[in-house]
Amino acid sequence: MSPIQTLRAGATRRVTLLPMTPMEQLRAGHTVRRVSQLLVGLWLYGTAMAMFIRAELGLDPWDVFHYGVQQHLGWSFGTVVIVVGALVLLLWIPLRQWPGLGTVANVFVIGIATDVMLGVLETPDALWLRWVLLLGGIVVNGIGGAMYIGSQYGPGPRDGLMTGLSLRTGLSIRLVRTSLEVTVLAVGWLLGGVVGFGTVLYAVLIGPAVQAFLPMLTVRVTPPSRLRHGIPDDSAVDGEGKGEDPVDTRAAQLAASDGQRPA
């Protein structure tokens, strides 16, 4: 099979994104692969964030906020990402959400990766190279987001906040997500965050990028509770983004936003 045929087969692969409790996530098997994929995916996510910053063409909404906060506190960008992620995670408590391994790892790994990669990358002098850096960052972000979501260890703090608010208020994911991102974008811009063409381009392309890679990178798992009771695994998302389970589809759609966020 040629590389192109392999990619096509992966993109059309039917995959399972199962709603699981934190304990079920830990006991769902394929631990070595899933943990490795989770950590690599989060590191790539942080790398992509560093690429966006060095491109200087605009950041995604949450990173506009992070950058704005950084201008006033003088902390490293990664430190701001970690602190904001931890504070957002505290908001899960009144929403009665339980974080998974991926949720906790998201708080720390992305921030550390961003600071490390900012020390490696520099802003190119040529404008066209900055655009290459931006577009490459979107691809890397899409791969990283699909990897950490596909590991099935729980959503990032910001994604979980969106799904939690949606479940508790009865509002649609689209409305909650849009409201939160417009709010953090506006506050971040007022604080001095960088908004530009890259902000718009990210908003348009990151969803399709994550959806393109998600079928190829999702690890098939079966929660122990389903194994014990013999419940068939019928929750799936295919390469065209069609999902049978509303929780899983929602989590996949939100992957693009969490500067992760997965963040």
Side-chain angles (χ1 to χ4, degrees), residues 41-42 44-70 77 80-81 84-85 88 106 110-111 114 117 123 127-128 130-150 155-166 171-214 217 237 240-241 243 249-263:
L42 293 175
L44 289 177
Y45 211 102
T47 299
M49 290 168 65
M51 294 171 73
F52 298 144
I53 293 170
R54 292 300 186 227
E56 296 184 352
L57 293 169
L59 304 172
D60 72 90
W62 276 100
D63 285 343
V64 171
F65 177 73
H66 295 147
Y67 193 91
V69 171
Q70 181 193 22
F77 189 87
V80 174
V81 171
V84 171
V88 170
N106 183 296
I110 290 180
T114 304
M117 297 311 297
T123 299
L127 179 60
W128 70 272
R130 290 163 56 198
W131 276 104
V132 170
L133 199 60
L134 173 69
L135 295 174
I138 291 175
V139 174
V140 172
N141 192 292
I143 295 173
M147 288 184 74
Y148 90 77
I149 291 173
R158 298 157 186 81
D159 291 340
L161 175 64
M162 295 177 200
T163 55
L165 285 172
S166 176
L171 300 174
S172 69
I173 281 291
R174 180 177 300 178
L175 178 59
V176 173
R177 175 177 175 174
T178 300
S179 299
L180 282 175
E181 294 202 353
V182 168
T183 299
V184 296
L185 177 64
V187 173
W189 178 72
L190 291 173
L191 292 174
V194 180
V195 179
F197 288 112
T199 306
V200 177
L201 204 59
Y202 179 93
V204 172
L205 296 180
I206 192 58
V210 172
Q211 190 64 61
F213 292 110
L214 192 59
L217 296 170
V237 174
E240 296 180 355
T249 302
R250 181 164 49 207
Q253 292 171 340
L254 288 176
S257 71
D258 183 267
Q260 343 89 322
R261 242 168 284 243

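Side chains included, hydrogens not; waters and symmetry mates left out as well; all remaining heavy atoms used.
- Within the 3.5 Å criterion, the main-chain N or O of Val88 finds no donor-acceptor partner in the side chain of Arg158.
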Please lay out, stage by stage, how Asp63 and Phe77 fare under the test side chain to side chain contact (heavy atoms under 4.5 Å, CB included).
CA-CA 9 Å; Asp63 285 343; Phe77 189 87; 3.8 Å; yes

Would Glu56 and Val194 count as a side chain to side chain contact (heavy atoms under 4.5 Å, CB included) here? Give the steps.
CA-CA 8 Å; Glu56 296 184 352; Val194 180; 6.0 Å; no

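- Taking every heavy atom of both residues into account, Gly137 and Ala48 meet most closely at O-CB, 3.3 Å.
- The two residues Ser179 and Thr183 come nearest to each other via the heavy atoms O-OG1, 2.7 Å.
- A distance of 12.5 Å separates CZ in Arg130 from CG in Leu135, rounded to the nearest 0.5 Å.
- A pairwise comparison of heavy atoms in Gly144 and Tyr45 identifies C-CD1, 4.3 Å as the closest pair.
- For the atom pair CG of Leu59 and CE of Met49, the computed distance is 8.5 Å after rounding to the nearest 0.5 Å.
- The closest side-chain heavy-atom distance from Pro157 to Asn106 is below 4.5 Å.
- Relative ring orientation between Trp62 and His66 is described as tilted, the plane-to-plane angle lying within the 30° to 60° band.
- Minimum interatomic distance between Ala146 and Val210 (heavy atoms only, all atoms of both residues): CB-O, 4.0 Å.
- Between Leu180 and Leu165 there is a side-chain heavy-atom pair separated by less than 4.5 Å.
- Looking at heavy atoms from C-beta onward, Ile206 lies out of side-chain contact with Asp60 at the 4.5 angstrom threshold.
- Formation of a donor-acceptor pair under 3.5 Å by the Thr199 side chain with backbone atoms of Gly58 is not found in this model.
- The minimum heavy-atom distance between Tyr67 and Gly193, with the atom names listed, is CD2-CA, 3.9 Å.
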Could you please spell out the steps behind the side chain to side chain contact (heavy atoms under 4.5 Å, CB included) verdict for Val176 and Leu161?
CA-CA 9 Å; Val176 173; Leu161 175 64; over 6 Å; no

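- Distance CD1/Ile149 to CE/Met147: 12.0 Å, rounded to 0.5 Å.
- One finds the CG atom of Asn141 at 9.5 Å from the CG atom of Leu44 (value rounded to the nearest 0.5 Å).
- For the atom pair Phe52 CZ and Ile138 CD1, the distance stands at 5.5 Å (nearest 0.5 Å).
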Is there a side chain to side chain contact (heavy atoms under 4.5 Å, CB included) between Phe197 and Leu57 once you walk through the steps?
CA-CA 6 Å; Phe197 288 112; Leu57 293 169; 5.7 Å; no

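- In terms of heavy-atom proximity, Leu214 sits nearest to Gly150 at CD1-N, 4.2 Å.
- Ile110 contributes atom CD1, which lies 5.0 Å from atom CG of Leu42 (distance to the nearest 0.5 angstrom).
- In this structure, the side chain of Arg54 does not engage the main chain of Thr123 through any donor-acceptor pair within 3.5 Å.
- The local environment of CH2 in Trp131 is crowded, with over 12 non-hydrogen atoms from other residues, nucleotides or ligands closer than 6.0 Å.
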